[in-house]
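Below is one structure, written out as structure tokens; comments come after it.
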Amino acid sequence: VGVGATVGVTVVDRDTQALIGDLVEADLTTAGGSITSGGNVHISAGSGGFIGNLAVAGAKASSSPPKPNPDAETWKDPGTGGTQGSDGTKQSNADLASWQSRWGNALKEGEDKGKLNGNIAGSTKNSTDQTSQSKSGVGVSGSVAVNVIHDDTRAYILNSGPVIVGSNNGVVDGLTISAANTTIAGALAGAGAYAKGSEGKSSVGIAGGFAIKAQYGKTEAFIDNAKSLDLEALTIDALRNGWTVSLAAGLAAAVGQKSYAVGGSVGVNVITCDTTAALRNMAGSVDVDGDVVLNALDDTNIIGIGGSAGF
């Protein structure tokens with residue numbers, strides 16, 4: 001019997017923020033001043049990198065062949081398997097089993113006629129069965145990879161006084177707020193099992209891989225509850241892209257007269273993410289001389305793969 005098992009778990013809780021004013025979910029304050037800039041103002045928050053989880057397991061089970069007698073080649077007259085024991089060859093094993101079987105029948109006859117007491121014939125039969133018995137092979141392998149990711153990326157102005165951006169030099173100066181999450185995250189689980197039984201016996205190979213990735217969070221760029229805006233240009237941009245991958249594979253192989261191979265895999269992605277660009281809850285006027293651009297885009301590549309084979 002061979003058993004292999006692996007479990008990999010990754011838990012990430014990340015919060016990336018760039019802001020003017022109050023923190024999100026913090027107690028509100030009363031804005032008492034203003035923000036004035038003679039040039040461009042950029043408020044930018046970004047999250048990225050690679051988050052990976054790899055779990056691999058393997059199992060192998062095989063029965064050893066009968067061990068040959070080291071003195072078999074030196075015997076000049078080893079005799080039959082019955083009179084001299086087995087020298088490890090297939091023919092000698094068969095001779096020994098035949099000899100024991102004949103003795104078992106003779107003892108059984110003596111027991112039936114009352115000349116022998118006890119379960120002598122049964123004991124002889126059990127010994128014969130054990131001599132000829134071979135072993136089955138069983139291999140079991142399993143792996144689990146789990147990613148749980150909470151990832152917030154925010155750039156914003158919240159509960160601020162008046163915001164004034166621009167100058168009189170003829171150059172267009174603007175306010176840009178951008179939030180971007182470009183994280184690559186993957187969960188990979190693989191399992192393999194191989195089983196080989198003795199001649200005439202069964203073998204069983206079972207392998208399973210399970211990969212699950214749960215990801216949630218927010219990518220937000222916004223202006224919320226500012227007293228007023230006086231700008232030459234305004235851009236609010238929220239972007240989420242990258243890769244989200246779960247891959248699971250199970251491979252099982254069994255060799256024997258009666259062989260059974262079972263491979264299974266499950267790859268699961270659970271994604272609940274929001275991407276938002278907003279201008280909201282303005283207490284006063286919004287005066288923008290130039291372009292106003294609000295853009296929210298989720299361009300994430302989401303892949304879930306499960307593969308298995310048994311032979």
Side-chain angles (χ1 to χ4, degrees), residues 9-29 31 35 41-53 145-160 163 165 174-188 211-227 229 231 233-248 266-283 286 288 291-306:
V9 179
T10 301
V11 178
V12 177
D13 188 0
R14 184 169 61 174
D15 189 6
T16 305
Q17 300 189 60
L19 68 135
I20 294 175
D22 290 338
L23 283 167
V24 170
E25 299 177 356
D27 293 336
L28 297 180
T29 61
I35 301 168
V41 175
H42 296 274
I43 303 173
S44 178
S47 299
F50 174 74
I51 302 172
N53 188 354
V146 179
N147 279 353
V148 180
I149 301 173
H150 177 208
D151 202 359
D152 290 333
T153 305
R154 296 184 175 101
Y156 57 93
I157 296 175
L158 177 62
N159 302 329
S160 74
V163 179
V165 178
L175 171 62
T176 300
I177 300 175
S178 62
N181 189 332
T182 60
T183 303
I184 299 173
L188 291 84
I212 182 170
K213 186 174 177 301
Q215 186 170 0
Y216 58 103
K218 297 180 179 181
T219 302
E220 296 181 310
F222 61 87
I223 299 174
D224 191 348
N225 195 29
K227 289 292 185 181
L229 296 178
L231 314 171
L234 173 63
T235 300
I236 301 176
D237 186 43
L239 171 66
R240 183 174 183 273
N241 62 12
W243 292 80
T244 296
V245 180
S246 65
L247 172 63
V266 178
V268 179
N269 284 326
V270 180
I271 312 295
T272 57
C273 294
D274 296 330
T275 304
T276 305
L279 175 63
R280 60 198 179 205
N281 301 324
M282 299 301 299
V286 176
V288 181
D291 295 335
V292 176
V293 178
L294 278 75
N295 180 54
L297 175 65
D298 189 333
D299 194 27
T300 307
N301 299 287
I302 302 174
I303 299 175
I305 300 175

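Along the sequence shown, the residues carry numbers beginning at 1.
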### Query
What's the spacing between Leu188 CG and Leu247 CG if we round to 0.5 Å?
4.5 Å

### Message
What's the separation between atom CD1 in Ile35 and atom NZ in Lys227, rounded to the nearest 0.5 Å?
### Response
12.5 Å

### Query
Is a side-chain N or O of Asn53 found less than 3.5 angstrom from the main chain of Ala187, in a donor-acceptor match?
no

### Message
Suppose we screen for salt bridge (charged side-chain N to carboxylate O under 4.0 Å, His left out). Which residues come up paired with Asp237, at least two apart in sequence or across chains?
### Response
none

### Task
Return the set of residues passing side-chain contact (heavy atoms from CB on, under 4.5 Å) with Leu294 (not counting sequence neighbours), or none when no residue passes.
Ile236, Leu279, Val292

### Task
List for me each residue that meets side-chain contact (heavy atoms from CB on, under 4.5 Å) alongside Asp291, sequence neighbours excluded, and say none if there are none.
none

For residues 296-305, dump all side-chain donor-acceptor pairs below 3.5 Å to protein atoms at least two apart in sequence or in another chain.
| from | atom 1 | to | atom 2 | distance (Å) |
| --- | --- | --- | --- | --- |
| Asp298 | OD1 | Thr300 | N | 3.2 |
| Asp298 | OD1 | Thr300 | OG1 | 2.8 |
| Thr300 | OG1 | Arg240 | NH1 | 2.8 |
| Asn301 | ND2 | Gly242 | O | 3.3 |

### Passing candidate, side-chain contact (heavy atoms from CB on, under 4.5 Å) with Thr176, options Thr235, Val293, Leu234
Thr235

### Task
Go through Ser44 and Ser178 one step at a time and tell me if the side-chain hydrogen bond (donor to acceptor under 3.5 Å, both in side chains) criterion holds.
CA-CA 5 Å; Ser44 178; Ser178 62; 3.3 Å; yes

### Query
Taking only residues two or more places apart in sequence or in another chain, which ones pass ring pair (Phe, Tyr, Trp, His ring centres under 6.0 Å) with His150?
Tyr216

### Summary
Rounding to 0.5 Å, atoms CZ (Phe222) and CD1 (Ile157) come to a distance of 10.0 Å

### Summary
Note: Asp152 and Gly217 closest approach over all heavy atoms is OD1-CA, 3.3 Å

### Summary
Nearest heavy-atom approach of Asn147 to Gly186 is ND2-O, 2.9 Å

### Query
Do Asp22 and Tyr156 have side-chain heavy atoms sitting under 4.5 Å apart?
no

### Query
When rounded to the nearest 0.5 angstrom, what distance separates CD1 in Ile184 from CG in Asn241?
9.0 Å

### Query
Atom CD1 of Ile271 and atom CD of Gln215: how far apart are they, to the nearest 0.5 Å?
5.0 Å

### Query
What are the two closest non-hydrogen atoms of Thr182 and Gly48, and how far apart are they?
OG1-CA, 3.7 Å

### Message
Determine whether a donor-acceptor pair (N or O, by modelled atom type, separation under 3.5 Å) exists between the side chain of Asn295 and the backbone of Ala277.
### Response
no

#### Entry: Listed partners of Val41 passing side-chain contact (heavy atoms from CB on, under 4.5 Å), at least two apart
Ser37, Ile43, Val165, Leu175

### Query
Would you call Ile223 and Met282 a side-chain contact if the rule is heavy atoms closer than 4.5 Å?
yes

### Task
Would you mind listing every salt bridge (Lys or Arg N to Asp or Glu O under 4.0 Å) that reaches into residues 215-224, with sequence neighbours excluded?
Arg154-Glu220, Asp224-Arg280

### Message
Listing request: all salt bridge (Lys or Arg N to Asp or Glu O under 4.0 Å) pairs with a residue in residues 41-52, at least two apart in sequence or in separate chains.
### Response
none

### Set of side-chain contact (heavy atoms from CB on, under 4.5 Å) partners for Asp151, sequence neighbours left out
Arg14, Ser47, Ile149, Thr153, Asn181, Thr183

## Note on the structure
The complete set of salt bridge (Lys or Arg N to Asp or Glu O under 4.0 Å) pairs with one or both residues in residues 266-275, sequence neighbours excluded, reads none

### Summary
Nearest heavy-atom approach of Ala221 to Ala179 is CB-N, 4.1 Å

